[in-house]
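Heads up, the thing below is written out as C-alpha cells.
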Amino acid sequence: MADTDLMPIPGLVDPVPVARSITPRADGRIDLIGLPKAAIRQLFEVAGLDAKQARLRAKQVFHWLYHRGVTEFEAMTDIAKVMRPWLSERFVIGRPEVVEAQHSVDGTRKWLLRTADGHDFEMVFIPDADRGTLCVSSQIGCTLNCTFCHTGTMKLVRNLTPGEIVGQVMLARDALGEWPKGSMEGLGDAEDADGYDRGHYTADGRLLTNIVMMGMGEPLYNFDHVRDALKLVMDGDGLALSRRRITLSTSGVVPMMARAGEEIGVNLAVSLHAVTKEVRDEIVPINRKYGIEELLSACAAYPGASNARRITFEYVMLKDKNDSDADARELIHLIKQYKLPAKVNLIPFNPWPGAPYECSAPERVRRFSEIVFEAGISAPVRTPRGRDIDAACGQLRTAAEKKSRAQRDREAAEAPAE
Ligand code: SAH
Ligand code: SF4
C-alpha cells in the first residue's frame, strides 16, 4: 500500500496535513491523471524521449486523457503501436475506485470512492430539468467543525490530490457516458495541429453541465490541488467546462479568497449561515478566526464578482438558531452595507444521526425568503436532494471519527508528560 507523506502548508493558512500531489504506486508506475501537459512532457523526457518527441507525445496523451477520457494507452490510435506498450510499462491512467454507487428516488446519485491508498470519500450527482450538477469533494474529512455538518464530525484524513479531484469529474463522465466523440483527424504526428477540431465540450443535451466544490472538505484548505484540478477541468483541450459553470464553496478562509478569484476564477459561494458574531462563532467556528466583517470585505474584493456573476451566500435554516425575521433583515443590511453583488441560497437543514439541530418549519423558511426577496435580493429555497441516500448538503461522511473535545482532553490528561 502506498504511504501518504504529510507536511504542513507554509504561510498564512492554518497548518493542515497535505498529501504529496502524486500518490506513489507499489508497481512504480506513475499515474498521469492530475498532471498538466508540462509535467507529462517532463516525465516523458526523464523516461528517455527527446525534447521534440516528448512535447508531441505529451500533447497527444493529454488530449486522450482529459478530453476523450480514454483509460487505456492502447486506445490512443494516433500514437504509434510500438509506443503504446512503452507508455503502459511506465504510466497508468487512474480513476478513483468505485466502492458503491447509490441512486436516490429523486434521481440523485452518490458514489462512495476509494483512493489508491485505501481512503474513502464521496461524490454526488444531482440531475435537474435544465442542468446536472456534480458535487465534488476536496478533502477526506474536514479540519473545521461546523456544528450542523456531518463531514465536520470526521477528522481530516488527508487532502485529495489533483488526480483524485479531477478524477471525480472523469469518473462521472465515464458513468454518464459523456465523453466527446469528436473526430481525431488532424492530430497526427505533425507538430502543428492547425485546423484540428477539438470538438469542444458543450452543455447541450448533456447530463453533467455544472460542478460545485461542495462535497467533503474545505476547498480553500487544499488550494493548490483544487486549483490544479480545476485548471484541467477548464482547459479547452481538457474537460473543457466553462469556469462560469463551476462554483467553489468556502466556509470563509479569508486569506485564500483573493487567490481563488485570481488563480482559479470560478464562481464563489460563501457559507455564511449566520449574521451575528455570537451565532456564527458557534455554528461556523472558523468565524472566530476570520469574522463576518473580514469575510464580507473579502467578498466585496473578490475578483470577477459582478451583477452578472453574483456571489452566492449559503444559509442553512436551523430552527430557532438563525431563522428569525431579525436575522433576515440583518442579512439584507450586511449585503447592502458591503455593496455585494449577491444572491442567497436558503438550504433547509439536512438531518443526520445525532445532529444537534432541527430544520426550520417550512412556513418560517418561506417567510425568511420573502423578506430577503422583498429587499430585491434573490433568495430561493434549495430543494433538498438525495436525502434518502444521505447525499444532501452536509450529509456526506465516511469513516474516521473526530474525537470529541472531552475525549481529547481526557487523552491529553492521561498522556505521559514530555
Ligand atoms: N466546506 C465548504 C464546502 C462543503 S459544504 C463549505 O463549508 O462551504 C457545502 C454546503 O453545505 C455548505 O454551505 C455547508 O455549510 C452546507 N451544509 C453543511 N451541512 C449541512 C446540513 N446538514 N444541511 C444543509 N446544509 C449543510
Ligand atoms: Fe467542513 Fe464545510 Fe462541513 Fe464546515 S460545512 S465542517 S467547512 S465541509
Side-chain angles (χ1 to χ4, degrees), residues 13-14 16 108 121-124 126 133-157 159-160 165 168 210-223 226 230 246-254 256-257 260 266-274 279-290 295 298-299 311-319 321-323 343-360 365 381-387 390-398 400-402:
V13 295
D14 293 357
V16 295
T108 302
F121 62 107
E122 296 184 314
M123 84 174 177
V124 176
I126 309 138
T133 306
L134 188 71
C135 182
V136 171
S137 291
S138 56
Q139 301 182 305
I140 303 173
C142 192
T143 47
L144 300 171
N145 300 308
C146 305
T147 48
F148 49 83
C149 174
H150 207 193
T151 309
T153 66
M154 282 179 76
K155 69 172 190 192
L156 178 72
V157 177
N159 282 340
L160 290 171
I165 297 168
Q168 295 171 63
N210 292 60
I211 291 177
V212 292
M213 294 303 303
M214 295 189 188
M216 295 167 73
E218 167 50 58
L220 295 190
Y221 274 157
N222 186 15
F223 182 82
V226 167
L230 290 180
I246 304 174
T247 301
L248 184 149
S249 174
T250 180
S251 57
V253 184
V254 168
M256 299 307 289
M257 284 170 58
V266 294
N267 303 318
L268 182 68
V270 173
S271 296
L272 189 63
H273 302 315
V279 178
R280 197 163 191 270
D281 273 357
E282 178 191 334
I283 69 176
V284 186
I286 196 178
N287 194 65
R288 295 174 206 161
K289 192 159 186 178
Y290 312 115
L295 175 59
C299 289
I311 294 172
T312 303
F313 288 98
E314 295 160 287
Y315 200 97
V316 62
M317 297 300 292
L318 304 174
K319 186 177 177 188
K321 182 49 85 179
N322 63 355
D323 62 351
K343 57 187 173 192
V344 174
N345 229 327
L346 298 177
I347 318 174
F349 168 66
N350 292 308
W352 39 272
Y357 300 105
E358 275 178 67
C359 184
S360 312
V365 179
V381 180
R382 198 188 281 175
T383 313
R385 299 290 302 270
R387 272 187 179 175
D390 287 341
C393 297
Q395 292 185 315
L396 303 186
R397 186 187 195 292
T398 53
E401 293 286 333
K402 206 169 242 166

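This structure is a prediction, so every number in the text was calculated from the model and none was measured. Just so you know, ligand 1 is whichever comes first in the structure, and atom 1 is the first atom listed for that ligand.
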Taking 2.8 Å as the upper limit, name the protein N, O or S atoms near atom 4 (Fe) of ligand 2. Cys146 SG

Compare every heavy atom of [Y] with every heavy atom of [X], then report the nearest pair and how far apart it is.
{"X": "Phe148", "Y": "Phe349", "result": "O-CE1, 3.3 Å"}
{"X": "Gln168", "Y": "Met123", "result": "O-SD, 3.4 Å"}
{"X": "Gln395", "Y": "Asp390", "result": "OE1-CA, 3.3 Å"}
{"X": "Gly215", "Y": "Leu396", "result": "CA-CD1, 3.9 Å"}

Are the side chain of [X] and the backbone of [Y] linked by a donor-acceptor contact shorter than 3.5 Å?
{"X": "Thr398", "Y": "Phe121", "answer": "no"}
{"X": "Asn322", "Y": "His273", "answer": "yes"}
{"X": "Glu122", "Y": "Arg397", "answer": "yes"}
{"X": "Arg280", "Y": "Ala274", "answer": "no"}
{"X": "Asn267", "Y": "Ile246", "answer": "yes"}
{"X": "Asn350", "Y": "Ala392", "answer": "no"}
{"X": "Glu218", "Y": "Ser251", "answer": "yes"}

Nearest candidate to atom 7 (O) of ligand 1, where distance is taken over non-hydrogen atoms, out of Ala392, Ser271, Cys142, Gly152: Ser271

Starting from [atom], which protein heavy atom do you reach first, and at what distance in Å?
{"atom": "atom 2 (C) of ligand 1", "result": "Ser249 O, 3.5 Å"}
{"atom": "atom 23 (N) of ligand 1", "result": "Asn350 N, 2.9 Å"}
{"atom": "atom 2 (Fe) of ligand 2", "result": "Gly217 O, 4.5 Å"}
{"atom": "atom 5 (S) of ligand 1", "result": "Met214 O, 3.9 Å"}
{"atom": "atom 19 (N) of ligand 1", "result": "Gly394 CA, 3.0 Å"}
{"atom": "atom 21 (C) of ligand 1", "result": "Cys393 O, 3.3 Å"}
{"atom": "atom 10 (C) of ligand 1", "result": "Glu314 OE2, 3.7 Å"}
{"atom": "atom 17 (N) of ligand 1", "result": "Phe148 CE1, 3.8 Å"}

Looking at ligand 1, does any of its N/O atoms fall within less than 3.5 Å of an N/O of [X]?
{"X": "His273", "answer": "yes"}
{"X": "Gly217", "answer": "yes"}
{"X": "Gly215", "answer": "no"}

Does ligand 1 have an atom that lies less than 4.0 angstrom from a heavy atom of Trp352? yes

Near [X], which atoms of ligand 1 are under 4.0 Å from a heavy atom of that residue?
{"X": "Phe349", "answer": "21 (C), 22 (N), 23 (N)"}
{"X": "Ile347", "answer": "24 (C), 25 (N)"}
{"X": "Val316", "answer": "23 (N), 24 (C), 25 (N)"}

Atom pair [atom1]/[atom2] of [X] and [Y] - distance to nearest 0.5 Å:
{"X": "Leu268", "Y": "Leu220", "atom1": "CG", "atom2": "CG", "value": "8.0 Å"}
{"X": "Ser271", "Y": "Glu314", "atom1": "OG", "atom2": "CD", "value": "4.0 Å"}
{"X": "Ile140", "Y": "Leu160", "atom1": "CD1", "atom2": "CG", "value": "5.0 Å"}

Between Thr250 and ligand 1, which part of the residue brings a heavy atom under 4.0 Å of the ligand: side chain, backbone, both or neither? backbone

